[in-house]
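I have placed the structure first, in the form of structure tokens, so that the comments after it can refer back to it.
Lettering follows sequence order; numbering is per chain, from 1. All values derive from a computational prediction rather than experimental measurement.
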Number of protein chains: 2
Amino acid sequence: MPHHLIRKLEQFTKLSRDDRQALEAAAAKRRSFAEHSDIIREGDDPAYVNLILEGWACRYKQLDDGRRQILSFFVPGDLCDTHIYILREMDHSIAALTPVTLAEIPRSILERITNERTRVTKALWWDTLVSVAIQREWTVNLGQRTAIERLGHLFCELFLRLRGVGLTEGNSCMLPLTQVELADAMGLSNVHINRTLQELRRSGLVALKGKRLTIPDLDALQKISLFNPNYLHLEHDGRHLDADEPTSP
Amino acid sequence: MPHHLIRKLEQFTKLSRDDRQALEAAAAKRRSFAEHSDIIREGDDPAYVNLILEGWACRYKQLDDGRRQILSFFVPGDLCDTHIYILREMDHSIAALTPVTLAEIPRSILERITNERTRVTKALWWDTLVSVAIQREWTVNLGQRTAIERLGHLFCELFLRLRGVGLTEGNSCMLPLTQVELADAMGLSNVHINRTLQELRRSGLVALKGKRLTIPDLDALQKISLFNPNYLHLEHDGRHLDADEPTSP
DNA sequence: CTGGAAAAATAACACATGTAAATTAACTTA
DNA sequence: TAAGTTAATTTACATGTGTTATTTTTCCAG
């Protein structure tokens, strides 16, 4: 069932049958969360490593006066901090944006994998390094890019990440985010997100309809967003990764 | 010589004499960099893990049109990405802000430590997790905080990090950064950094003179910056950490 | 010391984005 | 299918921060 994770890791390195089974076994303990519920809260003691199986979640942090920053989006196949249990308490929260099913991987199992499965361990390290690179790229996004570049950049990133786990269809993918959530992620007001989305639509760079995002010309969107995919470290250029159809129509 | 790193790690866990010696040995290969030179560039193949021994450095990323975002500051005791060699190429650059001495730790030695020294490995994981938490906090900083909160927050963070490695004197520490560098780190223009610094000075929250930062009332600065130190995971409350004198005068 | 470069400070003006409030559209669910 | 709720859109206006250019100060090398 953690096939999205396995698929993602296999972008980096081929795994053996045993490796895959070890990951299957690790993800045995399932749990479901309702839309908008907190999966874990700032201050909590992190007991498990969460692996998103279905649905979207986000990491966020709330300031004392209520301002909220969304720090990352989690999609199927994403691990929430491989070694988080080393810390005494969470410094941020994780919430379900849609109904979510996840696997709670106990520390002991992860430690066993680390001791016994070099390939998997290395692939998990790769995944961790990419997550951190994504966090850095968000810092660049908030610090340097204009509103339209920022949103465009986010859409490019999400599309490529989803394609990496086989969750795109042609040039479109799900995008179950409200404008308020986009605003909290991009450090902009919801009003300005609305304006910016309209500009992106008007220029034909994206289509957004009923929680579905379509990017007619990914290269063009990457260009205006100053998007460079190198930080995703997709070493096998990603051609073969679309589940349903070839990239060009 | 990597005593700053050792001191930092011992905030998290006590190390044995052997552990410390292993770290000493790992840092045998030294290298120096001139002020403003690049230590490693985006696109390079990362061969070593760099450990800053002396001086300040920064991680940065440059957009095609020249805009630059500083992503983190490195001070003595900081490791630049413990497992970076897993990636094929760097997705960002690292530059010396002052003259820098660092140790190039080869992959093989780090792997040996990981296999033989549980304590050190765990402490390095803690350090990695804290670095990532800092990156997240920078995202919050750029996304949600106003100019004055942002700068105040940065100063609180740097002061506490330096205190953790014994590089503060009373309520002051070095701050070898130009206003342009501060601007690139905070996603603000240098003009606005100047305005904001003046406001911080006028209100008596910080004093800045000749590359030295003084924070007369850390609590007050934390308050106006909405600074919550939990993300630094200083589990031993940090009282005893000042090198020269007790925290209160 | 002194000249020259880098850094900091100042000034005037522009504009991207925020705020607040009201309206319309899109879903849910009884 | 209609009520009720949430999300999206629109409008008008305010403001924080950016831009460009100039001046002043600080810092060093010679």
Inset, instruction - Indicate the atoms forming the closest heavy-atom contact of B:Ile52 with B:Leu102, along with that distance. - result: CA-CB, 4.2 Å

Inset, instruction - Check B:Ala133 against A:Asp91 and note the closest heavy-atom contact, atom names and distance. - result: CB-OD2, 3.5 Å

Legend entry - Whole angstrom value for the distance that separates P of D:dT9 from CZ of A:Arg202: 12 Å

Inset, instruction - Take the protein atom CD of A:Glu181 and the nucleotide atom P of D:dA7, then report the distance between them rounded to whole Å. - result: 8 Å

Legend entry - Ring centroid separation B:Tyr231 to B:Trp138 under 6.0 Å: no

Legend entry - Rounded (10°) bend between the five-pair end axes of the helix from C:dC1-D:dG30 to C:dA30-D:dT1: 60°

Inset, instruction - Measure the shortest side-chain to side-chain distance between A:Leu142 and A:Gln69 over non-hydrogen atoms and say whether it is less than 4.5 angstrom. - result: yes

Legend entry - A:Ile70 vs A:Glu181 side-chain heavy atoms within contact, under 4.5 Å: yes

Inset, instruction - Remember a base hit wins even if backbone is also touched, and classify A:Arg201 as base, sugar-phosphate or nothing at under 4.0 Å, heavy atoms. - result: sugar-phosphate

Can you tabulate the close N/O pairs, meaning under 3.5 Å, that link protein atoms to atoms of nucleotides 28-30 of chain D?
none

Inset, instruction - Verify the distance criterion only: is there a donor paired with an acceptor across the side chains of A:Gln179 and A:Asn190 at less than 3.5 Å? - result: no

Inset, instruction - Consider only side-chain N and O atoms of B:Gln135 and A:Thr139, and report whether a donor and an acceptor are under 3.5 Å apart. - result: yes

Inset, instruction - Would you indicate whether B:Arg41, at its atom CZ, is surrounded by more than 12 heavy atoms from other residues, nucleotides or ligands within a distance under 6.0 Å? - result: no

Legend entry - Side-chain heavy-atom pair B:Trp56, B:Leu175 within 4.5 angstrom cut-off: yes

Inset, instruction - Give the first and the last nucleotide of DNA chain C, reading 5' to 3', that has any atom under 4.0 Å from a heavy atom of chain A. - result: C:dT17 to C:dA20

Legend entry - B:Leu167 side chain reached by B:Pro76 side chain, heavy atoms, under 4.5 Å: yes

Legend entry - B:Ile134 and B:Ser72, any side-chain heavy atoms less than 4.5 Å apart: no

Inset, instruction - Identify the residue among B:Lys61, B:Arg59, B:Glu42 that makes a side chain to side chain donor-acceptor pair (under 3.5 Å) with B:His92. - result: B:Arg59

Inset, instruction - Return yes if a side-chain donor-acceptor contact under 3.5 Å exists between A:His153 and A:Arg150, otherwise no. - result: no

Inset, instruction - Would you check if there is a donor-acceptor pair between the side chains of B:Ser172 and B:Arg212 at a distance under 3.5 Å? - result: yes

Legend entry - Set of side chain to side chain contact (heavy atoms under 4.5 Å, CB included) partners for B:Thr146, sequence neighbours left out: A:Arg67, B:Ile148, B:Glu149

Inset, instruction - With a 4.0 Å heavy-atom cut-off, tell me which residues in residues 205-216 of chain B come close to DNA chain D, sorted by residue number. - result: none

Inset, instruction - For nucleotides 15-21 of chain D, just jot down a letter per nucleotide in 5' to 3' order: B, S or -, based on protein non-hydrogen atoms under 4.0 Å. - result: --BBBB-

